[in-house]
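Input: a single structure, listed below in structure tokens.
Labels below follow one simple rule: chain letters A, B, ... track the order of the sequence lines, proteins then strands, and each chain is numbered from 1. The figures here come from the full heavy-atom set of this structure, side chains too, leaving out hydrogens, waters and symmetry mates.
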Protein chains: 2
Amino acid sequence: MKSAFDKIAAGLEDAIAYAKGDDSRGRVATVDVKAVREATALTQAAFARTYHFPIGTLRDWEQGRRNPDAGSAMLLKMIQVDPKGVERIIAKVA
Amino acid sequence: MKSAFDKIAAGLEDAIAYAKGDDSRGRVATVDVKAVREATALTQAAFARTYHFPIGTLRDWEQGRRNPDAGSAMLLKMIQVDPKGVERIIAKVA
DNA sequence: TGCTTATATACGGCAATGCCGTATAAGAAA
DNA sequence: TTTCTTATACGGCATTGCCGTATATAAGCA
């Protein structure tokens, strides 16, 4: 398991990676998907199941290979600020 | 303005159009975006602003030219079952 | 009846993503 | 060291995201 220090270090590295991201053109700010998920303390598989994201797509996002589109980005941000609230609404959907 | 009858007829046509949709292969069931929006009684522009969808993308979805990906589809379904609840969470995000 | 405004439909088009599958790494526990 | 579990890395093709703009459709008004 990682030490608290290692986790913080990893978090900083993620942040720096994002800061270095392109963004030089028309695209809007993206979302730190990994950070959102880790805040929920769920594994990728569990997070994917909980919020109905395809796991392969979630992987791409976390690894920075792809960026979520506006709709998915919005949902991710919603999970970030109110994970339980989102879960409650999803329960009504499913 | 459309009569109530015309609206229902249009709705049925939409539903039939969706029923005829491909779906013959691996893709999952899609969302009737137009129906979701009309249930909120918002114009495309207003709906896009409210839920932060790019208007061009919303158009594509309603016209059946494109299908929302899993994340956007989930958010749309959430709006369908609890538009105000979604708005409340988005308020915390923005 | 004709003009104007608001709203929605239709597409062209390219960069970029969605999503699947699988091979490889890394940490934890046995 | 072997085994599980979780996550990283990519190949790859069909499909979408998102922008822009031209056209159609009511409505409302002069």
Side-chain angles (χ1 to χ4, degrees), chain A residues 1-7 9-11 13-14 17-18 21-76, chain B residues 1-7 9-11 13-14 17-18 21-76:
Chain A
M1 200 57 88
K2 279 183 179 176
S3 70
F5 177 80
D6 285 338
K7 285 195 174 181
E13 276 166 23
D14 288 346
Y18 273 99
D22 190 59
D23 210 26
S24 56
R25 215 187 69 276
R27 286 274 183 268
V28 203
T30 167
V31 189
D32 188 334
V33 181
K34 190 175 177 184
V36 173
R37 177 179 61 82
E38 291 183 333
T40 67
L42 293 172
T43 64
Q44 291 182 337
F47 186 86
R49 257 182 276 115
T50 304
Y51 300 105
H52 298 264
F53 288 114
I55 190 156
T57 304
L58 179 65
R59 282 178 187 142
D60 284 343
W61 291 340
E62 292 205 15
Q63 295 172 201
R65 216 159 76 109
R66 300 283 145 74
N67 291 308
D69 57 89
S72 295
M74 181 74 258
L75 179 50
L76 287 164
Chain B
M1 197 60 85
K2 279 181 180 178
S3 69
F5 177 80
D6 286 337
K7 285 196 174 182
E13 278 166 22
D14 288 347
Y18 273 100
D22 190 57
D23 209 28
S24 55
R25 215 187 68 278
R27 286 274 183 266
V28 202
T30 168
V31 190
D32 187 336
V33 182
K34 191 175 177 184
V36 173
R37 176 178 64 80
E38 291 183 334
T40 67
L42 293 172
T43 63
Q44 292 182 336
F47 187 85
R49 257 182 274 115
T50 304
Y51 300 105
H52 299 263
F53 287 114
I55 190 155
T57 303
L58 179 66
R59 282 179 188 141
D60 284 343
W61 291 339
E62 293 204 13
Q63 293 173 203
R65 216 159 76 109
R66 298 285 144 72
N67 291 308
D69 57 89
S72 295
M74 181 75 257
L75 179 50
L76 287 164

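- The side chain of B:K34 lies closest to C:dT9 when the candidates are C:dT9, D:dG17, C:dC20.
- A:S72 places no side-chain N or O within donor-acceptor distance of the main-chain N or O of A:D69, the cut-off being under 3.5 Å.
- Between A:P68 and B:L42, the residue anchored closer to the 5' end of DNA chain C is B:L42, taking for each the nucleotide with the nearest heavy atom.
- Among the protein residues, B:T57 comes within range of the nucleic acid bases, having at least one heavy atom under 4.0 Å from a base atom.
- At whole-Å resolution of the value, NE2 in A:H52 and P in C:dC19 are 14 Å apart.
- Put simply, CZ on B:R49 and CD on B:Q44 are 12.0 Å apart, with the number rounded to the nearest 0.5 Å.
- Counting distance only, with no hydrogens placed and no angle test, the side-chain atoms of A:R65 and the base atoms of D:dG12 include a donor-acceptor pair under 3.5 Å.
- A:W61 and A:F53 have perpendicular rings, their planes meeting at more than 60° on a 0 to 90° scale where under 30° would count as parallel.
- When each of C:dG18, C:dA8, D:dC18 is scored by its nearest atom to the side-chain atoms of B:T43, the top-ranked nucleotide is C:dA8.
- In this structure the side chain of A:Y51 never reaches within 4.5 angstrom of the side chain of A:L75, judged on heavy atoms.
- Straight-line distance from the CZ atom of A:F53 to the C1' atom of C:dT17: 15 Å, rounded to whole Å.
- B:Q44 places its CD atom 14 Å from the P atom of D:dC19, with the value rounded to the nearest Å.
- Whole-Å rounding puts the B:W61 CH2 to D:dC19 P distance at 12 Å.
- The nearest whole Å value for the distance from the CG atom in A:N67 to the C1' atom in C:dA15 is 13 Å.
- In this structure, B:L58 atom CG and D:dT16 atom P are separated by 15 Å, rounded to whole Å.
- In this structure, the CD atom of A:E62 is 11 Å from the C1' atom of D:dT6, given to the nearest Å.
- For A:D60 and C:dC19, a side-chain-to-base donor-acceptor distance below 3.5 Å is present, hydrogens and geometry of angles not being considered.
- Atom CZ in B:R66 sits about 13 Å away from atom P in C:dC14, given to the nearest Å.
- Judged by atom type and distance alone, B:R59 reaches the base of D:dT21 through a side-chain donor-acceptor pair under 3.5 Å.
- One can find a donor-acceptor pair under 3.5 Å joining the base of C:dA10 and the side-chain atoms of B:Q63.
- Expressed to the nearest 0.5 Å, how far CZ of A:R66 lies from CG of A:L58 amounts to 14.0 Å.
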